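Report on one structure; see the data block that follows.
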Amino acid sequence: MKRYTYKDSGVEWIGEVPEHWEMKKVSHAFSTIGSGTTPIAGNPEYHNEGSTPWINTGDLNNGILKTCAKKITNIAFNDYSALKIYPIGSLIIAMYGATIGKVSILDFTACTNQACCVLSESKKWNVKYVFYWFIANKEHIVSMSYGGGQPNISQEIIKSLRIPLPERNEQYAIITYLDKKTTQIDDLISKKQKLIELLKEERAAIINQAVTKGLNPDAPMKDSGIEWIGEMPAHWEIKKLKYVAEINPSKSAYIEFRESDELVTFLPMEKVSEEGKIQIDIKKPIRELWNGFTCFEENDLIIAKITPCFENGKGALITSLGSNIGFGSTEFHVIRPRCLPQKYLFYITRTDQFMKFGEASMTGAAGQKRVPNEFIENYFVCYPKDKNEQNEISSFIHQKTTKIDQTTSKIEEQIDLLKEFRTTLISEVVTGKVDVRDEESK
């Protein structure tokens, strides 16, 4: 690709830009720059059976936005003057929250909440070009945020941004080139993500088959008496989980340590992965953790009880604890094996049946539902009586799933590299590091 001749942009973090590009403020480029608000959530007159799409930052997808999760009513519009309808083709930027810096182009008319900044109606700027520029420069834009717990980039910051602007025909050439290249990259990423989903399905099938049917396809079978299990090997037993493990055991056995300054592991929910891995790197005195936290031992099994952590599969085997006990989030169930190997029991909790019925048993308000003790205690598990067979099944699952996990990890690394390449490509093009005007016909 060719390169331009350059000039200083006058903006330190942008550096040089092509000499024929202009530096323009966002506030001078768009006729409409606005936001929205949030009608009171508890008022059904504002939200029930609404007809106007109402965009929150969680809807933004760094692409063309074709739908959103929520709608509001005409009454909300009458009561809240800050609500405005924005046209198709408007650019929306998330100003704060977990999605800060994300952008989308509207494919339908909509209003927004107060965390969105909307840019629309520009005569000189193609909104798709500005969209790509925001994606390329997200890191720098977010670095301008202010505030503590919830950094905010504000409308004023967005209005003050100076963007290098090519002529309209050159903007079109850049958009055409990036649309083509990013579509190719996105298609490749999508194929790799589908492959990961297939690997996850294969992983789940291996676990389900091994812990309900065993490894010998020729073993005599019998009716388990449980509809969702169906037949199981004739020499296996079936019992409720509470008879093969202790559920949420008391920490009273360690009561003499409750005022101790001994440092032990503290495991918050975010240190437990959806793949069953844990990160033990936080130590605190026992006396700080005794009241209000879940207690566990080496070789215990922990499972998230709250939505969405349970549905996402957060759970792990406790190993390498480094002390007699550890503590973690109150949102963990603790399962202490009695007559089954720890790994075998762990794999049972990773089956589709366990997850499916666990989700169905959840109680509580939406967004805060939890898996009750009763579900864990009364869940039926089938297993071989012979310890050697139990260990053989555990080893088989470990071997098979480890290979799948390694393959999945490699594909995820490839996806990360593709995403990094995508961002770099966009950045080089919209900042004028490369000239793509002659690439359109290639």
Side-chain angles (χ1 to χ4, degrees), residues 4 6-36 55 57 60-65 82 84-96 100-112 114-145 152-179 182 423 426-433 435-437:
Y4 298 94
Y6 297 93
K7 67 180 179 183
D8 183 18
S9 68
V11 180
E12 183 178 356
W13 61 271
I14 292 179
E16 291 185 328
V17 297
E19 62 180 0
H20 63 288
W21 289 17
E22 295 182 90
M23 296 298 296
K24 292 286 186 180
K25 269 190 176 183
V26 169
S27 60
H28 298 160
F30 289 91
S31 301
T32 301
I33 300 176
S35 187
I55 296 170
T57 55
L60 304 186
N61 61 0
N62 282 339
I64 305 300
L65 190 63
K84 297 178 176 62
I85 295 289
Y86 295 102
I88 293 171
S90 298
L91 180 66
I92 305 177
I93 304 108
M95 294 188 290
Y96 53 86
I100 185 171
K102 260 194 167 183
V103 292
S104 284
I105 296 175
L106 264 183
D107 197 39
F108 53 95
T109 58
C111 61
T112 75
Q114 65 277 11
C116 296
C117 178
V118 186
L119 311 178
S120 63
E121 301 172 356
S122 177
K123 294 181 179 179
K124 293 190 69 175
W125 292 20
N126 189 309
V127 72
K128 192 68 175 291
Y129 171 81
V130 183
F131 162 82
Y132 278 127
W133 189 87
F134 269 92
I135 288 179
N137 294 281
K138 175 184 175 181
E139 183 178 342
H140 292 289
I141 295 167
V142 173
S143 72
M144 300 176 187
S145 62
N152 188 330
I153 54 177
S154 82
Q155 279 194 55
E156 295 308 312
I157 289 175
I158 293 172
K159 287 179 182 178
S160 70
L161 290 172
R162 295 176 65 200
I163 296 179
L165 180 66
E167 293 294 330
R168 290 282 295 192
N169 61 342
E170 192 171 353
Q171 291 178 44
Y172 177 79
I174 288 171
I175 293 163
T176 302
Y177 176 81
L178 288 177
D179 281 350
T182 57
T423 301
I426 294 172
S427 179
E428 288 184 345
V429 175
V430 298
T431 57
K433 299 298 185 293
D435 182 352
V436 300
R437 287 174 293 182

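From a predicted model like this one, the values you see are computed outputs, not experimental measurements.
Within 6.0 Å of CD in E167 there are 12 or fewer heavy atoms belonging to other residues, nucleotides or ligands.
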Test side chain to side chain contact (heavy atoms under 4.5 Å, CB included) applied to L119 and V26, step by step: CA-CA 9 Å; L119 311 178; V26 169; 4.0 Å; yes
Side chain to side chain contact (heavy atoms under 4.5 Å, CB included) between M144 and W13, intermediate numbers included: CA-CA 11 Å; M144 300 176 187; W13 61 271; 3.3 Å; yes
Full working for side chain to side chain donor-acceptor pair (under 3.5 Å) between W21 and E170: CA-CA 10 Å; W21 289 17; E170 192 171 353; 3.1 Å; yes
Stepwise side chain to side chain contact (heavy atoms under 4.5 Å, CB included) check, T176 with V436: CA-CA 10 Å; T176 302; V436 300; over 6 Å; no
Side chain to side chain contact (heavy atoms under 4.5 Å, CB included) evaluation trace for T109 with Y86: CA-CA 6 Å; T109 58; Y86 295 102; over 6 Å; no
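A donor-acceptor pair under 3.5 Å links the side-chain atoms of N62 to the main chain of V103, judged by distance alone. Checking side-chain atoms of S31 against main-chain N and O of E121 turns up a donor-acceptor pair under 3.5 Å. When atom types are taken as modelled, the side chain of N169 and the backbone of Y172 share no donor-acceptor pair closer than 3.5 angstrom. A donor-acceptor pair under 3.5 Å is absent between the side-chain atoms of T57 and the main chain of A115, judged by distance alone. T431 places a side-chain N or O within 3.5 Å of a backbone atom of S427 that can act as its donor or acceptor partner. Using a distance-only test at 3.5 Å, with no hydrogens or angles considered, a donor-acceptor pair links the side chain of S35 to the main chain of C116. A donor-acceptor pair under 3.5 Å links the side-chain atoms of Y6 to the main chain of K433, judged by distance alone. Judged by distance alone, with hydrogens and angles left aside, the side-chain atoms of R437 form no donor-acceptor pair with the main-chain N or O of A173 at under 3.5 Å.
Closest approach of P164 and I14 over heavy atoms only: CD-CD1, 4.3 Å. Summarising the geometry of Y129 relative to I175, their closest heavy-atom pair is N-CD1, 3.5 Å, with the distance given to 0.1 Å. A136 and I426 get closest at one heavy-atom pair: CB-CG2, 3.9 Å. The nearest pair of heavy atoms linking G432 to Y4 is O-CD1, 3.3 Å. When every heavy atom of I100 is checked against every heavy atom of I153, the shortest pair comes out as CD1-CG2, 3.9 Å. In terms of heavy atoms, I141 sits closest to F134 at CD1-CD2, 3.5 Å.
A heavy-atom distance below 4.5 Å is not found between the side chains of Y132 and Q171. With contacts defined as side-chain heavy-atom distances shorter than 4.5 Å, the pair L60/I92 qualifies. Residues F131 and S104 form no side-chain contact, since every pair of their non-hydrogen atoms from C-beta on lies 4.5 Å or further apart. Residues K25 and L161 have side chains not in contact (no heavy-atom distance under 4.5 Å, counting atoms from C-beta outward). Looking at L106 and I55, their side chains come closer than 4.5 Å, going by heavy atoms from C-beta outward. Side-chain contact between I163 and M23: absent, with no pair of heavy atoms (C-beta onward) separated by less than 4.5 Å. Residues E16 and K7 fail the side-chain proximity criterion, which asks for heavy atoms closer than 4.5 Å.
For the atom pair CD1 of I135 and OG1 of T423, the computed distance is 8.0 Å after rounding to the nearest 0.5 Å. Here M95 contributes atom CE and E156 contributes atom CD; the two are 10.0 Å apart, rounded to the nearest 0.5 Å. Within the model, atoms CD1 of I88 and CD1 of I64 stand 11.5 Å from one another, a figure rounded to the nearest 0.5 Å. For the atom pair NZ (K159) and CZ (F30), the distance works out to 13.0 Å, reported to the nearest 0.5 Å. For the atom pair CG (D179) and CD1 (I174), the distance works out to 11.5 Å, reported to the nearest 0.5 Å. In this structure, OG on S27 lies 6.0 Å from CD1 on I33, to the nearest 0.5 angstrom.
Ion pairing between a basic and an acidic side chain is recognised when a charged N comes within 4.0 Å of a carboxylate O; E22 and K124 show such pairing.
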